[in-house]
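Report on the following structure.
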Amino acid sequence: MTSASFFDISGLAYLLAMVVYIFYLALRKNTLGIIATTVTIFGFVSQSIAFIMRWADSYYLWTGSSPESQFLTSLLRSAPLRNLYESLVFFVWCLILIHLIIEFRYKIRTLGAFITPVAALTLAFIDLSGTSKEIQPLIPALQSNWLLFHVLFSFLGYSAFGVSFGAGVAHLVMLTETKDEKPYIFWSIVVGVFLIILVAMGIDYLSIAGASTEELIKNHFLKSTFRSSSDGVAAVSYIAGIIAIYLIWRYGLGLKKILCSFSISADMLDEITYKSIAIGFPLFSLGGLIFGAIWANQAWGKYWGWDPKETWSLITWLVYALYLHARFMAGWRGKKVAILAVVGFVTVIFTYLGVNLLLSGLHSYGSG
Amino acid sequence: MKDKKESEDIKPENASPQSSSASEAVSEDKKKTTIIDAIWNFLASVKLAIWTIAAIALTSIIGTIIQQDTEPANNIKFLAKLFGDGAAPTVYNIFLKLGFMNMYQSWWFVSLLILLCINLTVCSIDRFPKTWKLVKLPLRPMQDNALRALPIKKEMTVKSSLSVVKDEISNSMSSLRYKAFTSSGDNHLQLYSEKGRYTRLGFYVVHVSLLLIFIGAIVGARFGFRGFLNLPEGAFSDVAFIGEGKKIPLDFIVKCNWYNTEYYVESDTPQKFQSELVIIDGGREVMKKVIEVNSPLTYKGITFYQSSYGMLPNSAGEFVLKVAGRGSEGKISRLRFGDTFEIPGTNTKGTIIDFSPALGRDPQTGKLFTYADTMINPAVAVQFNENGKDTLKGWILKRYPQTGNMPDGSKIEFLDYWGVEYTGLQVSRDPGVGLIYLASIIMAAGLYMTFFMSHKKVWVKISEEKGAVRIIAGGSASKNKLSLERDLDKILAKASHSIEGRSKK
Ligand code: HEM
């Protein structure tokens, strides 16, 4: 079997695990919980195999074109962390790893219902966006150990932030009491927008089948729905989107009932949110900002240039710095900081995807 | 001032009896407030930090949407999409006034950054005495009821004597590097210790590193420069350029021996951009290095980065060929267009008749053509001639050496078309980089201290009750309660293990 088939297996496993976790959340049958965990572990193992196989493949590719390169250098240059596809896959891998650690250490399974969707959504994004899965040769600017550590640490940080996002949303769901509270409206919109974008990308994918998948997201992102050239289609999309958000808002309190019936407390979710940010923040500071700056300085003689990618990672970092300081402020516990944790991860997504996919469409920024 | 008190009850782990004295100190200095105090308190508050950081984060977004430092036309075109053609120039002018076209250097953005620094400095000075007091506070034994109220507690009863238990607990504490102090009463005593009290200063370390980064950036902007230099192969220069025609002297000479792009096998994806640079200082060659994209050359604080390359217009260079007769070592020849070379050991001569920087074959017609004007796939056409008669004519490709294998076993390799390319160097000096790197290390250390270490305190009360010894161990930690809990478990497990061992003897 190839690394791609192991990867597909892991994707299906996470999707299945997501469904089982959600049923576990709703029905509270212990057997379901055990099944969900087993399926997740199975997916994790198979993704690990896929990861190692891909590494081996690109190792042979690299040594094929640079026979003089030393073993360690070749190993580092061929680490499968070199493009959008590979880094997203690695993100999912870390996310599941952290989730499993939390599940075994804190003995809470419920969080799985919030984290496996993030993993499954990312994998769905990879497939729907047609992100290139080819092993690509490494262009000169990317041949740097600093870059490798930059990506590695950033994504470790991102996955910790992903966990804080899951816990933060769960925390908000638990804390909000009524439908007219701002935090309630906030989380129903965030969850709604996430789902809508994913569905819209699915529609892009189905309607522009045959277009080169590489180009799909750059040129056709939401073009068959919200950004359609036909005003009618666009209008219908917006109406459908608003209805979907309305429905989530209308029935979202049900989720709170389910969550409250479990033996997790809001404090525990708050602690998980904080703990994962406390792990993610130093990793991201070191990897995202420091290693990134060192790499940029070696490659271009400029450790900071305010380019959109750099600026957005600074914004992400500042939002999490805000979160850390906000916890010391009177009245800023609970909902307000949970909102910051959620906003933080939205900026993470924007830093990683939005800058390349949306801002680069505005002008001619390269894919930095 | 609210937030200062808050920070203590937010972290219940901190609420050991000793912290209370520090919070009292906080409320004392609140008694009289003059205007200067008010300003000071404003500049020291975390609330200001929150609003400043939020403002920096939000305004930064503008500069990622509006293209920075670019031709006005680009942004007017972009604004026309948002505001319509009519309004675009007006909007552009308003945005220009607001500094949005170069916003990270605009007065208001720089002011926000400076405000953050002042906030950080004042806040640190303001808090330092209190934090220091907290750090320096001597550890005291714990009252019974306070011990009961500790967030983390373990209890155990063993059959042994007070002095044996005391020795063993104290041993196992020191094996975990808790230096134990003792206080004793009748029938009971207490061992107490702490570890990592300086980790409470971790966030200061982080904040200091931030200030250093700002200083480093200012030093770089003030005393450094960023220029460029395009050097043709074989050329040299003792200046670099900043902006349009502005020169900056280098006080040594830099020479480019050659420039080369290497491609991946069978693809036009570049694998390496390389130039060989030589530094000549005081008339002597002092340094020679092949630079690549991630591997620059630094001499006397000035760094040369490989940043671009290109072809010189209408230049004639030298074809570097390696010509080898059958079974013999090759010899390098440097030839001009139209020059002729001999293949040793044969009567064959070759003449250079054509050159293409990027030779491709049309997949449909099979015709050869030049598909780019940079040297992606350089090829030289050679007309061969044996005993005065034209024989073969063929293209030899630099990236495909087998194209130079002749039917009679001789080999001609096309090594380079030298002198037609230039290397584009970025030349810069940034005396602030050292400071930035130092600050990065300090920040990493500070973050580690803040998030992965904690100030842990433990108290172990040992009391004799009816022939048995009761042990109550409790502790508090500024962070990471789990690790404290594990420490307590280890202390007790180790002690009880050796107590059992002793009583068996
Ligand atoms: C981007 C800028 C900043 C960064 C990255 C930063 C970073 C940090 C970090 C990592 C912590 C430790 C948080 C924790 O223990 O969970 C911290 C704590 C703190 N920071 Fe900042 N900081 C920044 C700006 C500021 C500013 C401008 C102030 C000025 C008031 C400030 C005041 C504080 C205070 C009072 C604490 C809490 C100390 C305590 O534990 O009681 N910070 N900061």
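Below, read A as the first sequence line, B as the second, and so on, with proteins coming before strands; counting in each chain starts at 1.
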By a 4.5 Å heavy-atom criterion (distance strictly below it), what part of B:Thr303 contacts chain A: side chain, backbone, both, or neither?
neither

Which answer fits B:Ile436, side chain, backbone, both or neither, if we ask what part of it has an atom under 4.5 Å from a heavy atom of chain A?
side chain

If you round to the nearest 0.5 Å, how far is CH2 of A:Trp62 from OG of A:Ser78?
8.5 Å

Check whether A:Tyr274 gets within reach of chain B through its side chain, its backbone, both or neither, counting any heavy atom under 4.5 Å.
side chain

Pick one of side chain, backbone, both or neither for B:Ala217, based on which atoms fall under 4.5 Å of a heavy atom in chain A.
both

A:Trp304, part contacting chain B, at a heavy-atom distance under 4.5 Å:
neither

Among B:Lys77, B:Glu292, B:Met443, which residue forms the greatest number of heavy-atom pairs with chain A at distances under 4.5 Å?
B:Met443

Chain A contact via B:Gln271 - which portion, at a heavy-atom distance below 4.5 Å:
both

So which of A:Lys275, A:Lys302, A:Glu310 has the largest heavy-atom pair count under 4.5 angstrom toward chain B?
A:Lys302

If you draw the axis of the six-membered ring of B:Tyr299, does the NZ or CZ of B:Lys289 fall within 45° of it and under 6.0 Å from the ring centre?
no

In terms of heavy-atom proximity below 4.5 Å to chain A, should B:Phe203 be classed as side chain, backbone, both, or neither?
neither

Flag the pair A:Asp270 and A:Arg327 as a salt bridge only when some basic side-chain nitrogen lies within less than 4.0 angstrom of an acidic carboxylate oxygen.
yes

Please find out if less than 6.0 Å separates the ring center of A:Tyr158 from that of A:Phe165.
no

Which one of B:Ile50, B:Thr269, B:Leu58 has the most heavy-atom pairs closer than 4.5 Å to chain A?
B:Ile50

With respect to chain B, which residue among A:Leu324, A:Ile290, A:Asn145, A:Leu314 yields the maximal number of heavy-atom pairs within a distance under 4.5 Å?
A:Ile290

So, do A:Gln70 and A:Leu76 sit near enough that their side-chain heavy atoms are less than 4.5 Å apart?
no

Top of B:Ile56, B:Asn294, B:Val206, B:Val427 for chain A proximity - count of heavy-atom pairs under 4.5 angstrom
B:Asn294

Scored by heavy-atom pairs under 4.5 Å with chain A, the best of B:Ala444, B:Pro270, B:Gly220 is B:Pro270

Which atoms of A:Ile294 are under 4.5 Å from chain B, going by heavy atoms: the side chain, the backbone, both sets, or neither?
both

Return yes when atom OH of B:Tyr448 has more than 12 non-hydrogen atoms of other residues, nucleotides or ligands closer than 6.0 Å, and no otherwise.
no

Would A:Trp317 and A:Phe284 count as a close aromatic pair, with their ring centres under 6.0 Å?
no

Using non-hydrogen atoms only, which part of B:Glu262 is less than 4.5 Å away from chain A: side chain, backbone, both, or neither?
neither

Side-chain H-bond candidate by donor/acceptor type, B:Tyr309 with B:Ser307, under 3.5 Å:
no

For the candidates B:Val293, B:Leu447, B:Ile61, which exhibits the highest count of non-hydrogen atom pairs separated by less than 4.5 Å from chain A?
B:Val293

B:Tyr104: which residues meet the ring-ring contact (aromatic ring centres under 6.0 Å, His included) condition with it, sequence neighbours left out?
A:Trp306, B:Phe109

Residues B:Leu435 and B:Ile215: closest non-hydrogen pair is CD2-CG2, 3.7 Å

